Structures are given as structure tokens and as C-alpha cells.
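Notes follow the structure.
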Protein chains: 2
Amino acid sequence: MTLQKHTINDVAKLAGVSKKTVSRVLNEEANVRESTRLVVMQAVESLGYKPNPQARGLASNQSFLIGLIYDNPNKSYVSDVQEGALTACEEHGYHLLIQPMIHDQNDVVDKIESLIYSSRLDGLILTQPFSDNKSLNTLLKKINLPYARIAPTEMMDDSLNVVCNDVESAYQMTRYLISLGHIKIGFIVGHPDHPVSQQRLNGYIKALQENKIEYDAKYVQQGFFDFNSGEDCARRLLSLEERPTAIFASNDYMAAGVLKVASQKQISVPHQLSVAGYDNAPISSYIWPALTTVKQPVTQQALMATTLLIQTIRKKMPEETTINLENQLIIRESTAPF
Amino acid sequence: MTLQKHTINDVAKLAGVSKKTVSRVLNEEANVRESTRLVVMQAVESLGYKPNPQARGLASNQSFLIGLIYDNPNKSYVSDVQEGALTACEEHGYHLLIQPMIHDQNDVVDKIESLIYSSRLDGLILTQPFSDNKSLNTLLKKINLPYARIAPTEMMDDSLNVVCNDVESAYQMTRYLISLGHIKIGFIVGHPDHPVSQQRLNGYIKALQENKIEYDAKYVQQGFFDFNSGEDCARRLLSLEERPTAIFASNDYMAAGVLKVASQKQISVPHQLSVAGYDNAPISSYIWPALTTVKQPVTQQALMATTLLIQTIRKKMPEETTINLENQLIIRESTAPF
DNA sequence: CTCAAAAATGACACCGGTGTCATTAAAGAA
DNA sequence: TTCTTTAATGACACCGGTGTCATTTTTGAG
């Protein structure tokens, strides 16, 4: 039984060096002779020694804790972000503290500040809509806490960002629908509090303009990223006299709502109506017909963001402070030529 | 700016007491005069003092960290568990360390042990299939680490459990289908590594027996809790000469697969085929027709488990060590009389 | 071979709390 | 009132590492 009763002193004694030297080896500090490094490592190994993170933290004024802030009803998105962040944390010996929040609660910033202090976080990862939260950004800068933002829309050059070009992807999806022969293309906007909603809309508009299709407000409905709002919007769109031949929803849940309404109205997808979503959520392949959608490398984004953050915490300034990862169009069965 | 430059000494000085007394107040220890308690609290308040968790942990040999172990492809389940556990942790000043694992990797137990020591966890929450992992349970007992198990099937009386009677719920669902007039009822078993799979199957069998319906092996297919396996099983079931008039899948993903196959085969649900799922996953209401399913109070279960665990850690032994929460049948549009 | 510069190591205080035990103040019994 | 018991508080070592700086060892130039 290798019970963890061992302290750094035990290791030092066994290796025949001072505990400070053991500390040096474990923290990969410079100026340690290779031979002593080996002796120490062996002692560590044979005792099964694990440093006490509390003691380490206290002495070095760190917590090795990184906070992940989110407010997203899309559980699969959250799960993917967690996965990426966890992977990066594990690799560098950090731990992840997940912190769901309500973004439109009026004291969010205070709550986050309180969390930072009470847990002594070393850094923070922000997802939308927090990435674009002005007062939060201001606070973090003021207290000088390193942080990384995922999918921010407003840039700030001295901060760490992992961006994904939603305008571009929405543009490409719309262009794809146009290339299939669609002209009357409905669009369901995402939640107004989420900056990406505007971006996706912009991509849609850009594609229309480029193809000389007039923007028609009645084809654009305001949704809220959830299934029900998708249904509502679809009902409105599909009751129009000149109903659209394609509907592009700003996420997959809403697109699923469209499919349901189409089915109820006996409108066959994709023959009479093409439907496209966004996010490549699990549901997109679990419904029938499977959804054409946009896949974001969410896990990879979170991984990069966390890695950047940890590098910064360790004062090894990363070369790039802004990383751009490409999205991918996934064509499935819900879209067809008109 | 209430920067956290304050230590317990500052508070003690301001309140005119020793730091030990401040510590007593903050930890709600007995034998503190009410008047001094107030003075101290006020000093804490006015300085915006937050105790340093690292120092606290080092001195008291605690981490205030609870680990949550899971391996579940069902992201919404994981998310619900996290939510419940987080709520309980927050309430009691603990933090949650999430730890996804691969349950059939051969060194899981070692990995978990390593996690426990390197993070100095105060306790562990186990979900399936870890709740029933024999060697893990043995390890935890040996090293005397408090832990709580969610949905265990094998009982161990000196451990903390939050059980949910899957046999009962599967029984009720099957009985419900029988009450609708179905006799040829297909069943899709869950992943063989998950103990609940057997339980749900047992519930199905129990209902058949009780209603004098002969168990027919060809109506029972082995799935793996994922969408694709649901499709596969459905294809097999629906190609039988005497095809079932109802299919009960052990979770909603597989049930969704059944719906897809039914749609492909032009079998109308629920008129020609009733379909039931299990879990009340988000997908169950996002597909058409919406799934009849079993709702487990997952968030509540995790909350209770975590609360029990924290009470135990704090040596306030909970009165009940095993909690039983009722499931709920949710009837939607995918089931109808035959 | 000598000596200055650089590299490797060690001694020790310190991080900010809590545990233990001694001490003092309040309460109750005689 | 005095003495005993109990409640309230404080002094101080200690938890297990790291930072700083002093000391020793090694390296390399002259």
C-alpha cells in the first residue's frame, strides 16, 4: 500500500539532498545537475510521492485552478468545451472549476469576482456571451487576472482569443443553399443576447447580397436558440403566401423545430423544403432527415484557449494571442436542389 | 477596490481579537460569545476578507474538493448530474472536480487513485458504471475515502447510495404498453457494461410474466445505448414476420433510432407502432412524434448524493445512508392503443 | 595551477490558516 | 463570598511546500 504519507522531506532524505533541491527537480527549474535529477526522480518514484497542492499553492501563491464560465442551454456544446479545457488542464497539471452562470442576472460580474477571490483562480476561460461582456473584461483587466475568450466578436488586442468566423460559415451555408437553386431562403436568428446571432445573420445577408437576392424581412424570424422558438418561427415562415423553399436556422435545435413543423404540415424535407442548422449538435444526426449543418471545432477551440491561458499564467507568453480555427460545412439529407 | 490583500491577521487586528478567534467564527465553532462573533463578522465584512483555501487546506488537511467520476456518452445526463452536484457543493463551500473516464480502460482504478492523491480529494461521487465497480469500491474503502454512489445496483450497507428503481420503472412502462393492448412488445437492451441495462430488462420481463405474456427472445435485441444501435435493433425487430406493435428501448437515443427506422419503413408511429424510451433526454421532446419515456430526477439525485457525501465528510453522519427517489412516466405522442 | 565567474546546492524564513493546550473570564455550587 | 466547573479566548507550533540569499562546487580563462 503506497499510502500518501510521504512529504518532500522523506524524498529529500532518501535522495540525500535538501528539500529545496527536490522542489527544483519537481518544478523543472534550471541549474540542477542531471545526476542529482535522476537520483531525486528515483526517490520520488519509489516512494510514490505526490506533492501537496495546498502547500504548493500557499507557498507560491497559486491555486493551479482555472475557471470555466458558461451559460449555455446547449449541453453538448458545454460538454465539448469542458472536454477540451480538461484535456489542456490535465496536460499541464491544472484543474478545472466549472461555473455555470446566468448571464443576464444583474450581479454576474460580482459573482464572478467573488468566485475568483474565494477560489484564488489562476485564470479564467470565458465562453459566450461572457466573452463579450464589457464590464467583466474591464474587471479582469483591472485585477490583472489572465483569461482567454472563446468566440469573441469584439477584439481586444492584448487579450487571448480563440475566434471562429461565424459570418464566414453562415455565408458559406447560405451560398450553398443558393447554389442548390433556392432564392426564397428563410432565416431564423439566434438569441439576441448572443453576439454570434448577429454574425450568423450577417453571413446570411452577405451571401444574399453577393448573389443579388433582395433581403426580405418577412423571411427573417427572431428565435432564441431553443427548440420551441424554432417551431414558432417555422410556423410563421411556412404560413407565408410565398413560403420559403429553404430555411436556415442559427442552430440545430431550432432547425429540429422546423423539421417538426414541416412534418406536421406535411411538407416533405428535403423535397419541398430544405433545412439547414448550425453547430452539429448530436440531435442533428438523430433526427430524420439528418440535418445539414455547420460543425465548429469546439473541443479544439477550448483546448487551444486553455493552452494559451496556461502559457500566459506561466509567463511563457504565447507567440499568437489570437487563434482562428476553421468551421466545416456538413452536408446531410435535409437539403436538396430546388 | 476591495483587493484581496487581507489576511486573517488584518481581520483579527481590526476586531481586536486573536486570529484563532476569527478562525473560530468563520468555521462556526462552538464557544464563541455572540458579541465577539458580531464584531468579527463586521470586521470580515468591512475588509471583504476571504479566507485563503490553500492555507486552510494545508492546516486542516482538507482540500474542499469533491471529485465527480463519469463515463457517459449522454451529455445531457452528465450535465444534469453536474448541475446537482455543483449546487450542493456551492451550498457547503466545496468545489467540484469533474473527471470523465473511460470505464473499460484497464487502469481506471489506478488513475482514480492517482487523482485522489494528487488532488487530495475530500470525497468522490460515482456514477454508473463506476458505482458498481468492485475493485474501485474496495480501494475507496481501504483508503477510507468518503464516497457516494448514484444508481448502484449492488448494495453495500455502509456506503452512501442514491438509488433509483429501474426495475420498477421499466415494469411500469411495460405495463402501460400492455394496458394499451400491446402483446408483441419489442425490447432493446442497453449497453451490457451498464448494470441498469439488466434492471430495465428485468422490469420488462416482470411485467410480461405478471400479464401472462410469454417471453419471446426474438423480441429482445441487444443495443448499446446509442442511436445507431437503436436503428440496428429496430431494423431487426421490424423485419420479423410477426413484427412487434410496440418497442420499448432502454434509452431515448435508441428509441430515436427506432423512430427513424419506422419512418424509413413507412410505419406510422404511434398508429402502427408504439415506441417508448427511457431517460427523458432533451431529444425525446425534439423529435416527432415526441417520445413517451421515463424521467429520472437526475439533478435531484446528484444533489442528494453530494449532500450526503459532504455531511459524511464533515462527520455529521446523515440519518439515511440510502435515498430512493421516484421516477416518473412521461406519456407523450409516440404511444397509442393497439 | 590559480582565481574569478558561473553553476549547483542548501539553510531558513515564510505563505495563511488550524490544532493543541494553556490561560483567563464567566457561571454555578456550596 | 469563595471555590469549582465550564465557557471563552489566546499563544504558538505546525501543515508542506517555495523564495531568497548564502554557501559550496564546478568550470574555464589566463
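Residue numbering restarts at 1 for every chain, and letters A, B, ... go by the order of the sequence lines. Computed from a predicted model, the values in this text were never measured in an experiment.
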Nearest whole Å is fine: how far is [N] [atom2] from [X] [atom1]?
| X | N | atom1 | atom2 | value |
| --- | --- | --- | --- | --- |
| B:E29 | D:dT9 | CD | C1' | 12 Å |
| A:N9 | D:dG17 | CG | C1' | 9 Å |
| A:Q62 | D:dG17 | CD | P | 15 Å |
| B:H6 | C:dG17 | NE2 | C1' | 17 Å |
| B:K50 | C:dG16 | NZ | P | 17 Å |
| B:R33 | C:dT24 | CZ | P | 15 Å |
| B:D10 | C:dC15 | CG | P | 12 Å |
| A:I8 | C:dC12 | CD1 | C1' | 14 Å |

**Study point:** Within-4.5 Å side-chain heavy-atom neighbours: A:L136 and A:V108
**Key:** no
Check your understanding: Would a 4.5 Å heavy-atom cut-off, applied to side chains only, mark A:H95 and B:Q99 as touching?
Key ->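 Of all side-chain heavy-atom pairs linking B:Q99 with A:H95, none is under 4.5 Å.
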Practice item. Identify, between B:R24 and B:L58, the residue whose nearest nucleotide on DNA chain D lies closer to the 5' end. Key: B:R24
**Study point:** 5'-most by nearest nucleotide on DNA chain D - B:S35 or B:S60
**Key:** B:S35
Short side-chain N/O contact from [X] to OP1 or OP2 of [N], under 4.0 Å:
| X | N | result |
| --- | --- | --- |
| B:S23 | C:dG17 | no |
| A:T21 | C:dG10 | yes |
| A:N31 | C:dA8 | yes |
| B:R56 | C:dT18 | yes |

**Study point:** A:V32 side chain, from C-beta outward: closest of C:dG16, D:dG16, C:dT9
**Key:** C:dT9
Revision key, fill the gap. Of the listed C:dA11, D:dG17, C:dG17, the closest approach to the B:N52 side chain comes from C:dG17
Presence of donor-acceptor pair under 3.5 Å, side chain of [X] and base of [N]:
| X | N | result |
| --- | --- | --- |
| B:K19 | C:dG16 | no |
| B:R120 | D:dG16 | no |
| A:K20 | D:dG19 | yes |

Practice item. Decide if atom CD of B:E34 counts as having more than 12 heavy atoms of other residues, nucleotides or ligands within a radius under 6.0 Å. Key: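 Enclosed.
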For the residue pair [Y] / [X], report whether a side-chain donor-acceptor contact shorter than 3.5 Å exists.
| X | Y | value |
| --- | --- | --- |
| A:T322 | A:N324 | no |
| A:S114 | B:K50 | yes |
| A:N31 | A:R24 | no |

Revision key, fill the gap. Bend of the helix from C:dC1-D:dG30 to C:dA30-D:dT1 from end-axis comparison, five pairs per end, nearest 10°, comes to 30°
Study note, to complete from the structure: Heavy-atom closest pair (A:G123 atom, A:L309 atom, distance to 0.1 Å) is C-CD2, 4.0 Å
Review point. Which is true for B:N27 with a 4.0 Å heavy-atom rule: it touches a base, it touches only sugar-phosphate, or it touches nothing?
Key: sugar-phosphate
Check your understanding: Once you round to the nearest 0.5 Å, how far does CE of B:M101 lie from CZ of B:F130?
Key ->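 Spacing of CE (B:M101) from CZ (B:F130) equals 6.5 Å.
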